[in-house]
Asks: 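The structure that follows is given in the form of structure tokens.
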4 protein chains.
Amino acid sequence: MVNNNLLDEMAKILKKSNKQTVKQKKIIEVAITLFAEKGYSNTATSEIAKMAGVAEGTIFKHYGTKENLLLSIMVPFIKDFFPTMADELIGELMNDKCTFEEFLRAFLTNRIAFISENREIFQVVIKEIIYKEELKNEILPYILEAASVRLVKVIEIFKQRGDIKDIPNDSILKMLGTVMSGFFISNFILLNKKSISEDAIEDIVFFILNGFGQSPQ
Amino acid sequence: MVNNNLLDEMAKILKKSNKQTVKQKKIIEVAITLFAEKGYSNTATSEIAKMAGVAEGTIFKHYGTKENLLLSIMVPFIKDFFPTMADELIGELMNDKCTFEEFLRAFLTNRIAFISENREIFQVVIKEIIYKEELKNEILPYILEAASVRLVKVIEIFKQRGDIKDIPNDSILKMLGTVMSGFFISNFILLNKKSISEDAIEDIVFFILNGFGQSPQ
Amino acid sequence: MVNNNLLDEMAKILKKSNKQTVKQKKIIEVAITLFAEKGYSNTATSEIAKMAGVAEGTIFKHYGTKENLLLSIMVPFIKDFFPTMADELIGELMNDKCTFEEFLRAFLTNRIAFISENREIFQVVIKEIIYKEELKNEILPYILEAASVRLVKVIEIFKQRGDIKDIPNDSILKMLGTVMSGFFISNFILLNKKSISEDAIEDIVFFILNGFGQSPQ
Amino acid sequence: MVNNNLLDEMAKILKKSNKQTVKQKKIIEVAITLFAEKGYSNTATSEIAKMAGVAEGTIFKHYGTKENLLLSIMVPFIKDFFPTMADELIGELMNDKCTFEEFLRAFLTNRIAFISENREIFQVVIKEIIYKEELKNEILPYILEAASVRLVKVIEIFKQRGDIKDIPNDSILKMLGTVMSGFFISNFILLNKKSISEDAIEDIVFFILNGFGQSPQ
DNA sequence: GATGAATGAGGATTCATTCAT
DNA sequence: CATGAATGAATCCTCATTCAT
């Protein structure tokens with residue numbers, strides 16, 4: 001069972017993560033790999049213990065429950081994904097006179113790098129959010145809110161600069177969400193890609209800007 | 001373990017489903033609901049049995065294993081999704097002088113209707129394909145192949161008619177895949193929507209054709 | 001659970017065996033093969049049904065319980081083994097002037113033939129008598145009694161004729177039992193032989209008569 | 001399924017048995033009793049657990065599967081029976097001028113003592129070898145080989161000393177195997193004897209040496 | 001007589017979790 | 001901190017048996 005307040009949970013968990021033993025790191029490392037590959041439900045704590053070279057008891061000494069071990073993996077990632085995300089980029093953006101295309105390219109490149117570096121954790125997070133209704137209901141609203149707040153600002157700026165069509169923010173958000181969730185899930189979850197080529201980024205940037213329909217001449 | 005040849009599996013499974021008992025139908029019905037909601041791994045056969053008003057043994061009498069029960073649900077759906085998909089639409093398309101926009105609208109409307117009608121099964125299929133590496137490796141190639149073959153034909157036609165930009169088929173396929181997987185997964189899995197408004201369809205059609213970038217005047 | 005009175009059981013079972021359907025014969029045939037190979041406990045009635053090309057219900061229609069199916073196989077064999085055994089041989093013996101060696105050879109040849117013809121049933125009987133304490137306690141006394149009664153007569157005759165050493169009957173019975181049970185079990189159960197060569201019979205006859213120790217000269 | 005190499009299996013199993021918990025010993029003890037009495041197939045792990053005063057999980061923690069529990073009982077016995085068997089006896093024999101009769105008496109006394117001390121394990125081993133074709137095919141060849149190798153040496157020695165008739169080794173081996181398997185199975189399995197009287201040993205020794213036929217004067 | 005769908009008690013096995021050391 | 005033996009509820013699955021057709 002996940003606690004009501006996800007943020008409280010985060011606080012609790014992160015406090016512990018300060019002084020992580022070697023064994024703790026190994027446990028988390030192995031857990032991520034196994035959860036990513038086989039899913040949380042199909043991974044036994046005994047398996048994690050064995051692969052981590054640790055006694056089963058040790059896992060529970062540190063994380064209390066298996067569910068809490070999962071959260072110790074998911075929460076920091078989720079907490080990091082959005083803040084790190086646009087905040088700094090948006091900063092640069094405000095000053096610069098960069099175009100939406102430039103922003104989009106920088107933004108995608110940045111987030112793709114982040115996910116590539118944390119590929120397995122990303123897989124765990126997405127798989128479990130999708131798989132467990134309970135988790136989904138708890139985490140998804142937080143994610144949506146965090147993303148919306150940031151993206152709306154950006155959209156507004158570029159609308160004013162005339163780089164984005166005059167479509168309701170809401171529609172744009174949905175499209176962007178659709179394309180990005182599709183892009184990340186297709187590549188990192190379904191196709192299990194380890195990295196994304198620059199060409200692929202160019203393709204998606206072009207597509208988001210122009211679509212692939214041919215306007216009648 | 002899933003057999004190598006998915007089609008053989010289908011054949012076997014469908015043969016049995018000819019003379020389905022009332023209890024069998026109830027089992028499948030309940031299994032779909034529970035698998036869709038909680039995931040295959042988190043659903044006990046005893047729970048299915050209880051909810052279906054059936055003895056647990058009855059499930060195994062008919063489906064042998066829990067895994068096979070899952071396949072009995074997934075396979076017919078997968079087998080149906082693509083053939084039914086474009087084949088008839090493509091038929092109409094050949095004769096008609098419909099534009100790509102019209103095709104896209106008709107196509108999306110049609111597939112959305114199909115998924116809406118089989119919403120829970122769709123959830124089961126996607127969740128399990130994403131969750132179990134094993135299943136993914138077995139089913140995904142089949143799906144990708146089935147989809148590609150059909151879509152490439154369509155893309156070629158509309159390219160010749162001048163309705164689609166002159167971009168490599170491969171790139172278009174990827175974009176289309178990205179958008180559609182994103183659209184279906186966002187709406188039917190993450191947001192758990194039961195239906196899609198016509199407006200939303202219009203939005204996505206417009207977006208696919210034009211993107212939301214503003215070309216500099 | 002076996003009934004108290006084995007003979008009653010026999011009576012009941014044999015009555016039914018008069019008008020055996022084709023399906024019944026097939027059931028018995030398959031049951032013998034499977035029980036002989038894998039043991040009663042490791043053979044499912046569903047397996048018997050499938051191999052016999054019969055519905056599972058049919059087995060229970062005819063034999064009521066799985067245990068009773070086993071008895072339907074074992075009892076006639078046991079009932080036949082001893083009477084058929086020596087009775088006729090002893091008959092000839094009384095008149096004839098045959099030696100103990102001749103009798104022994106004829107006797108062994110005759111019983112070996114009987115077992116060879118009913119090899120699988122013999123395996124079922126022995127395996128189950130050995131395996132199930134319950135069955136053993138019920139059947140073994142009957143067998144020992146039936147064997148003793150007949151063999152003692154024979155031993156007496158040949159003792160009078162001076163063909164057998166002057167050893168207590170009881171000791172001779174034990175030795176004979178030991179050798180014969182050892183011979184039958186070794187060959188037909190452990191080594192799974194289908195027939196016994198005449199040479200092997202000669203060997204055992206010679207051994208029973210003379211042992212293989214060399215009397216000091 | 002038993003591994004191909006029985007000796008590897010032994011090694012693995014014996015390693016674990018070094019530091020046996022009190023509970024583990026109790027489990028083995030109870031398992032032996034129940035397997036001996038009712039057979040492996042007719043004994044539930046839950047029953048073993050209950051009688052051993054242990055949780056059912058504990059059994060599987062230590063032995064993994066029920067089959068492996070069986071092997072943990074059988075293998076050490078089999079591994080011990082033959083080596084311990086003749087090796088030391090043969091040692092004495094080489095130096096001494098003992099007769100075949102003396103050897104036979106010592107040998108039987110020794111082996112009977114061993115089996116008496118491990119009566120229940122012996123019952124388990126024999127019952128399961130006889131009952132399960134699979135186990136039989138795997139273990140029997142090993143046993144036959146181990147026994148033959150040792151006994152042939154002995155037979156050769158006594159033949160040279162003129163204590164054994166000039167019969168082919170092979171025939172003598174078969175006879176000896178027949179008599180001994182018959183003796184052990186009759187007494188310890190069928191008649192469930194706990195010990196063998198000295199008189200009975202004398203009888204069998206005499207019989208093996210001389211048979212009970214009366215040579216014509 | 002024969003069927004086969006349905007049963008439900010029981011069986012082997014798994015697994016998160018606890019606790020004494 | 002760390003261990004690993006022990007737990008027992010829960011899980012998937014088997015199987016002899018019943019019964020309506």
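Throughout, protein chains are lettered first and strands after them, A, B, ... in sequence-line order, and every chain is numbered starting at 1.
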Asks: Could you pick out which residue, D:G53 or B:Y40, lies toward the 5' side of DNA chain F when each is mapped onto its nearest nucleotide?
Replies: D:G53
Asks: Among F:dC13, E:dT7, E:dT13, find the nucleotide with the atom closest to the side chain of D:T65.
Replies: E:dT13
Asks: If you compare every side-chain N and O of A:T45 against the phosphate oxygens of E:dC15 (OP1, OP2), does one of them come in below 4.0 Å?
Replies: no
Asks: What is the distance, rounded to the nearest whole Å, between atom CD of D:Q24 and atom P of F:dT7?
Replies: 12 Å
Asks: For F:dG4, what is the paired nucleotide under Watson-Crick or G-U wobble rules, both distances under 3.5 Å?
Replies: E:dC19
Asks: Between CE of B:M74 and CD of B:E128, what distance do you get to the nearest 0.5 Å?
Replies: 6.5 Å
Asks: State, without any angle test, whether D:S46 and D:E56 hold a side-chain donor-acceptor pair at a distance under 3.5 Å.
Replies: no
Asks: Take atom NZ of C:K38 and atom P of F:dT14, then tell me their distance rounded to the nearest Å.
Replies: 12 Å
Asks: Take the protein atom CD1 of B:I48 and the nucleotide atom P of F:dA10, then report the distance between them rounded to whole Å.
Replies: 17 Å
Asks: Distance under 6.0 Å and angle within 45° of the ring axis: does C:K127 meet both against C:Y40?
Replies: no
Asks: Between C1' on F:dC13 and CG on B:L70, what's the gap in Å once rounded to a whole number?
Replies: 17 Å
Asks: Describe the nucleic acid contact of B:T21 in one word from base, sugar-phosphate, nothing, applying a heavy-atom distance below 4.0 Å.
Replies: sugar-phosphate
Asks: Anything under 30° is parallel, anything over 60° is perpendicular, the rest tilted; go ahead and classify D:F122 against D:F77.
Replies: tilted
Asks: Taking all heavy atoms of A:N42 and all of A:E47, pick out the closest pair and write down the distance.
Replies: O-OE1, 4.5 Å
Asks: Assign each of B:S46 and D:K61 to its nearest nucleotide of DNA chain F by heavy atoms, then name whichever residue's nucleotide is nearer the 5' end.
Replies: D:K61
Asks: Rounded to whole angstroms, how far apart are CG on C:N42 and C1' on F:dA16?
Replies: 15 Å
Asks: Closest nucleotide of DNA chain E for A:S41 versus for D:F60: which of these residues is on the 5' side?
Replies: D:F60
Asks: Using whole Å, what does the distance between atom P of nucleotide E:dA16 and atom CD of A:E47 come to?
Replies: 10 Å
Asks: Answer yes or no: does a side-chain N or O of D:H62 lie under 4.0 Å from OP1 or OP2 of F:dA6?
Replies: yes
Asks: Can you tell which of E:dC15, F:dT7, E:dT7 lies closest to the side chain of A:A44?
Replies: E:dC15
Asks: Would you kindly compare C:A55 and A:E56 by the position of their nearest DNA chain E nucleotide and give the one closer to the 5′ end?
Replies: C:A55
Asks: From CG of D:N68 over to P of E:dT14, roughly how many Å is that when rounded to an integer?
Replies: 12 Å
Asks: Between atom CD1 in B:I27 and atom C1' in E:dA5, what is the gap in whole Å?
Replies: 11 Å
